There are 2 protein chains.
Amino acid sequence: MKTAPLALFDSVRGCPKEIPHNEKLLSLKYESLDYDNSENQLFLEEERRMSFLGFKCLEISRWVICGLIGFLTGLIACCIDIAVENLAGLKYYVVKQNIEKFTEVGGLSISLILWAVLNSAFVMVGAVIVAFFEPGAAGSGIPQIKCYLNGVKIPRVVRLKTLVVKVCGVICSVAGGLAVGKEGPMIHSGAVVAAGVSQGRSTSLKKDFKIFEYFRRDTEKRDFVSAGAAAGVSAAFGAPVGGVLFSLEEGASFWNQMLTWRIFFASMISTFTLNFFLSIYNNKPGDLSSPGLINFGRFESDSVAYNLYEIPLFIVMGAAGGLLGALFNTLNYWLTIFRIRYVHRPCLQVMEAMLVAAVTATVSFAMIYFSNDCQPLGPDQSEDYPLQLFCADGEYNSMATAFFNTPERSVRSLFHNPPGSYNPLTLSLFTLTYFFLACWTYGLTVSAGVFIPSLLIGAAWGRLFGILLAVWAVPGKYALMGAAAQLGGIVRMTLSLTVIMVEATGNVTYGLPIMLVLLTAKIVGDYFVEGLYDIHIKLQSVPFLHLEAPATSHWLTAREVMGAPVTCFNRIEKVGTIVDVLSNTSTNHNGFPVVVPVAICGLILRSQLIVLLKHKVFVELARSRLTQRKLQLKDFRDAYPRFPPIQSIHVSQDERECMMDLTEFMNPTPYTVPQVYTAFRKDSLCI
Amino acid sequence: MKTAPLALFDSVRGCPKEIPHNEKLLSLKYESLDYDNSENQLFLEEERRMSFLGFKCLEISRWVICGLIGFLTGLIACCIDIAVENLAGLKYYVVKQNIEKFTEVGGLSISLILWAVLNSAFVMVGAVIVAFFEPGAAGSGIPQIKCYLNGVKIPRVVRLKTLVVKVCGVICSVAGGLAVGKEGPMIHSGAVVAAGVSQGRSTSLKKDFKIFEYFRRDTEKRDFVSAGAAAGVSAAFGAPVGGVLFSLEEGASFWNQMLTWRIFFASMISTFTLNFFLSIYNNKPGDLSSPGLINFGRFESDSVAYNLYEIPLFIVMGAAGGLLGALFNTLNYWLTIFRIRYVHRPCLQVMEAMLVAAVTATVSFAMIYFSNDCQPLGPDQSEDYPLQLFCADGEYNSMATAFFNTPERSVRSLFHNPPGSYNPLTLSLFTLTYFFLACWTYGLTVSAGVFIPSLLIGAAWGRLFGILLAVWAVPGKYALMGAAAQLGGIVRMTLSLTVIMVEATGNVTYGLPIMLVLLTAKIVGDYFVEGLYDIHIKLQSVPFLHLEAPATSHWLTAREVMGAPVTCFNRIEKVGTIVDVLSNTSTNHNGFPVVVPVAICGLILRSQLIVLLKHKVFVELARSRLTQRKLQLKDFRDAYPRFPPIQSIHVSQDERECMMDLTEFMNPTPYTVPQVYTAFRKDSLCI
């Protein structure tokens with residue numbers, strides 16, 4: 001009965017995590033989140049000293065922090081939105097002028113070059129800052145945040161520098177006309193804001209504000225980071241509830257009501273802040289009508305109601321989304337492998353990004369140029385940059401609505417433009433080209449998300465599907481379902497995505513069909529290949545633990561997977577032994593059981609031992625130097641989260657003979673569990 | 001190190017649950033949910049035998065069951081809605097005719113008597129079936145479901161008979177004009193449907209359909225019941241996400257993604273079913289515009305936008321709601337104590353209900369009669385039963401809009417009627433009378449909910465507040481905030497209520513103010529007295545465990561609260577010992593540790609021991625009668641959930657000397673935890 005729990009704690013960093021399968025085995029660069037003093041004697045003493053008021057104070061601080069997180073995240077979203085709108089607006093204005101100038105006189109190739117150069121220039125800036133200053137800011141950041149919430153810390157993922165690069169990078173890549181969105185990066189940004197605000201200090205700025213010190217441990221920090229991620233989702237899609245569910249879906253194992261409420265609060269504040277500042281920016285203060293970066297526009301029940309017999313059609317669309325998503329993911333997987341092998345030098349990465357930007361401009365231009373889908377300019381003028389090109393006066397080029405526009409606006413026009421705004425050929429060509437462009441773009445060394453391109457591809461083929469069913473169809477409704485299907489097929493999020501989509505459309509009656517579509521897309525897609533984020537997590541060799549244990553591990557007991565012999569310490573242990581065990585790179589454990597002769601009596605962490613060694617908390621020294629101040633919880637907190645490696649701690653030969661008393665510092669009541677897998681999902685270990 | 005975990009399991013039914021404080025100590029009639037074989041050898045063997053396909057099948061069954069739960073719950077909601085609309089419509093039509101007849105000729109007292117008699121008749125039927133046939137159907141059922149999800153089983157709360165009585169009862173009480181709503185009971189109805197469908201049999205009908213036998217254990221059943229409760233919320237308010245959060249808030253400790261998604265599915269199906277059938281009933285098939293029983297009507301952003309400076313006003317309203325809610329709860333608490341002491345005979349209960357119905361009619365009539373608030377009949381005719389009474393032609397009595405109407409419609413008219421529809425005096429009088437009527441009504445022996453009356457009271461004073469601020473105010477917006485404040489002050493739900501309100505209004509921009517209002521109402525209210533449901537749970541002496549441990553118990557260890565001496569069994573135990581321990585009423589434990597000489601090696605439940613004794617699974621018999629079939633999991637499942645008491649099992653003197661081998665049936669890997677409180681929140685014990 002005794003060995004099983006021992007084995008478990010011995011293998012806190014142990015084997016059952018899935019073995020990464022790509023060429024470079026990078027696992028060692030990741031730490032797992034497990035620094036928590038919450039059970040040891042020092043902590044309990046502190047808690048006992050703390051008055052009722054002290055607890056209230058802590059609780060209020062948590063709320064204040066969450067409010068701040070929401071506010072700052074909303075503000076960042078607002079800045080990104082305004083910057084992108086202005087830069088993209090300027091770009092499209094210049095190019096439009098140029099095209100109009102050359103349409104009549106000939107020489108449109110100059111316009112093409114202008115467009116391609118502008119795009120490449122923006123993207124170059126974006127790629128350079130990412131590739132050279134902070135590679136961690138590449139991509140959407142969602143895989144990284146998923147990992148963080150899962151309990152695996154990827155270095156520098158929540159630093160202020162990452163945030164700055166991320167924000168500037170996303171502005172450049174969206175303004176640069178890549179097939180990307182600015183929504184995914186918001187989630188990462190929110191998480192960084194949360195990690196920074198809650199710790200009251202910044203490593204990038206080397207500044208410690210001496211506030212919120214109580215929260216300097218992994219469990220508290222992770223809670224705030226989940227609030228930040230939720231605030232990010234909320235600001236991105238105007239979906240506060242979706243944000244909460246996203247955090248729960250990705251991060252939570254143990255439901256905590258107060259935490260959930262605080263997360264919700266952060267989300268609410270975030271969307272409100274964005275809405276409020278955007279309303280001021282748009283000179284309509286108080287008109288809170290843009291709760292998110294992407295706005296699906298209003299779907300009114302009466303205009304786009306659906307009928308029972310349409311539900312099977314939606315399910316078919318879900319299946320199609322799953323298939324296309326799987327194709328997308330497979331292509332992107334191969335591409336990413338290629339990139340890992342051949343495109344790992346920063347210069348190459350920047351050049352690839354610029355190439356993609358130029359190609360995107362060229363392909364878009366060609367599509368617009370050869371399209372002959374002319375539509376009359378309506379009185380309500382929903383186009384922002386209508387291109388007449390070779391159309392008759394009073395008409396505009398329909399292909400340009402999709403290509404000559406920020407992706408967010410294109411999505412909206414696919415959802416809402418009246419029937420007949422696009423002809424089927426335009427939509428097919430657009431779907432095809434955008435699919436490959438988006439697939440090529442994801443994984444570039446720029447900061448950018450995949451949500452909007454997915455929605456756009458799906459909206460295009462969904463609308464096409466709607467047009468082909470012309471008898472009943474309001475194509476906008478099918479565009480929405482297609483968007484959901486495609487996005488679901490690519491990212492495979494479920495619960496949270498349903499709620500996000502429902503909140504973004506602002507119409508609860510779409511809940512059921514959206515849910516069915518996402519469910520189908522996930523089932524079909526999972527049959528072929530994993531979700532895009534999971535693929536990238538695997539390719540980065542992060543030991544990510546999914547919610548469900550792999551089927552084969554269901555009956556594994558700790559005894560079966562434990563490393564033998566068991567590495568453990570006595571309650572009073574020789575310093576030399578501890579140093580040797582910690583220095584042993586072959587058993588790179590993060591937690592060690594503490595035993596008395598007959599049984600386990602506690603668990604002590606590597607980080608705690610390192611602090612103890614650093615402060616030389618040896619029994620002998622305590623006896624000889626009575627004046628030495630007692631080690632306090634603060635010493636642990638100050639060291640968090642970057643504990644020095646064992647190699648940097650000098651222990652003399654004499655000191656190696658001293659003894660250390662671990663009683664006060666160990667967690668005397670570790671959870672002992674028989675089944676391995678659940679124990680590794682963080683919360684069972686560090687509630 | 002050994003005694004602590006032993007102590008814990010010994011006191012599975014032990015002391016730290018709060019001691020109930022009312023006069024009749026009823027605790028013994030409640031069982032706790034803890035029947036779960038999921039860890040013992042029999043179960044693991046079954047799982048090992050089960051193929052991959054078998055697991056898939058189970059998973060699909062779970063989805064099918066959830067779909068069925070949603071469908072049936074939606075259908076029930078639909079029936080209730082149609083029945084109430086028709087009965088109430090008929091009643092109001094008859095009374096209106098009568099009033100119109102007598103307004104001119106005098107003799108309105110006859111109308112009053114007619115109204116009072118009609119009300120009392122309806123209520124009599126509702127009260128009789130509840131009081132005489134199924135007292136468990138009284139009230140909203142939300143306290144009972146909260147308890148069930150908390151792990152305490154109140155007898156007969158999820159029986160089919162309870163459902164039938166509940167549905168008929170709620171129709172009668174709403175049609176009878178009581179100050180009640182039909183929304184709370186939907187939650188109970190959904191839960192009963194779930195418990196019935198998922199078990200594939202009905203005790204009330206004495207029918208076993210021999211399906212879904214795998215789900216006959218507490219954990220599975222509770223999961224389905226939470227889905228049912230969510231479906232109920234969803235149908236009641238058209239709030240599927242709110243339903244999910246309600247279930248999580250009340251029920252969940254451990255976040256399970258698949259479960260949450262199934263709950264969401266049930267909720268979606270439920271609101272869709274209701275919507276679909278109502279649209280057919282209203283002859284507008286496909287117009288899915290009534291997703292819930294209560295429909296707040298559409299709040300458009302542009303017409304009722306709020307400004308930043310209004311948020312403090314909303315917070316003040318929240319505080320007012322908290323105060324009024326505390327007053328409501330305190331009055332109702334005294335009233336309930338009075339009822340427990342003096343009104344416990346069914347006849348008395350029926351008479352009280354009839355009295356309240358008659359008084360409600362009388363008070364309403366008096367208010368309408370003495371009111372002189374006449375409003376012009378608008379062209380859009382939002383009143384369903386406009387009463388002219390003593391108003392001029394083309395005008396109607398404004399007080400009658402509030403009193404002479406189903407509460408749902410009154411709420412809607414308070415939210416949406418244009419400014420000026422009510423004068424302040426009308427609103428004040430209405431608030432005052434309805435407050436006391438609702439307070440008197442809650443706790444009557446009828447099946448009815450408190451959501452709608454709370455909303456109505458709050459909407460009335462909120463609108464009043466809005467009118468008094470006349471400068472800026474659109475009163476409808478303040479009515480909404482008042483409604484939220486009052487409801488929050490009474491029931492103290494937080495997260496789920498915010499989402500429910502947001503979904504019911506269909507406008508996410510109201511999220512932040514509603515959240516702030518509910519938060520304030522809860523903080524202010526909690527300062528004085530608990531929430532209404534918690535009060536009633538306490539008054540019923542249910543050992544309910546809140547999410548947070550009481551402050552004093554934070555540092556309790558199992559050792560400190562354990563009963564001594566520890567009651568435990570050996571792995572091979574004498575039958576006589578087991579029978580004696582189980583029969584000992586002073587240590588009425590439900591779970592017993594199984595020990596080998598040095599340590600705990602498992603946990604066995606009372607229910608399991610009883611099945612073993614009943615089937616005489618004794619070591620000696622197994623040896624002598626080799627042909628005896630081995631005890632299977634099915635035997636445990638068939639006995640679930642009503643295991644016979646130990647007294648009903650006959651064990652002869654010879655048999656008492658036999659031995660039982662518990663190894664195969666015990667849970668060999670119980671969780672051992674040091675802090676007591678969390679262990680009692682069910683999921684740590686029976687994940």
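Treat the numbers as computed from the prediction; the structure is a model and nothing was measured. Below, read A as the first sequence line, B as the second, and so on, with proteins coming before strands; counting in each chain starts at 1.
Atom CG in B/Leu245 sits 8.5 Å away from atom OG1 in A/Thr260 (nearest 0.5 Å). If you take CH2 on B/Trp261 and CG on A/Leu519, they are separated by 4.0 Å, rounding to the nearest 0.5 Å. Atom CG of B/Leu512 is separated from atom OG of A/Ser270 by 11.0 Å, given to the nearest 0.5 angstrom.
In this structure, the ring pair (Phe, Tyr, Trp, His ring centres under 6.0 Å) partners of B/Phe314, at least two apart in sequence or on a different chain, are B/Tyr478.
With a 4.5 Å cut-off on non-hydrogen atoms, A/Ile311 touches chain B through its side chain but not through its backbone. For B/Phe264, the parts lying under 4.5 angstrom from a heavy atom of chain A are both the backbone and the side chain. Using a 4.5 Å cut-off between heavy atoms, A/Leu516 contacts chain B through its side chain alone, with no backbone atom that close.
Heavy-atom pairs under 4.5 Å with chain A were tallied for B/Val499, B/Val502, B/Thr271, B/Thr494; the largest tally goes to B/Thr494.
Pairs of residues two or more places apart, or lying in two chains, that qualify as salt bridge (Lys or Arg N to Asp or Glu O under 4.0 Å) and include a residue from residues 262-271 of chain B are B/Glu59-B/Arg262.
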Inset, instruction - Before giving the answer on side chain to side chain contact (heavy atoms under 4.5 Å, CB included), spell out for B/Thr498 and A/Phe265 the whole-Å C-alpha distance, their side-chain angles and the decisive distance to 0.1 Å. - result: CA-CA 11 Å; B/Thr498 310; A/Phe265 181 66; over 6 Å; no
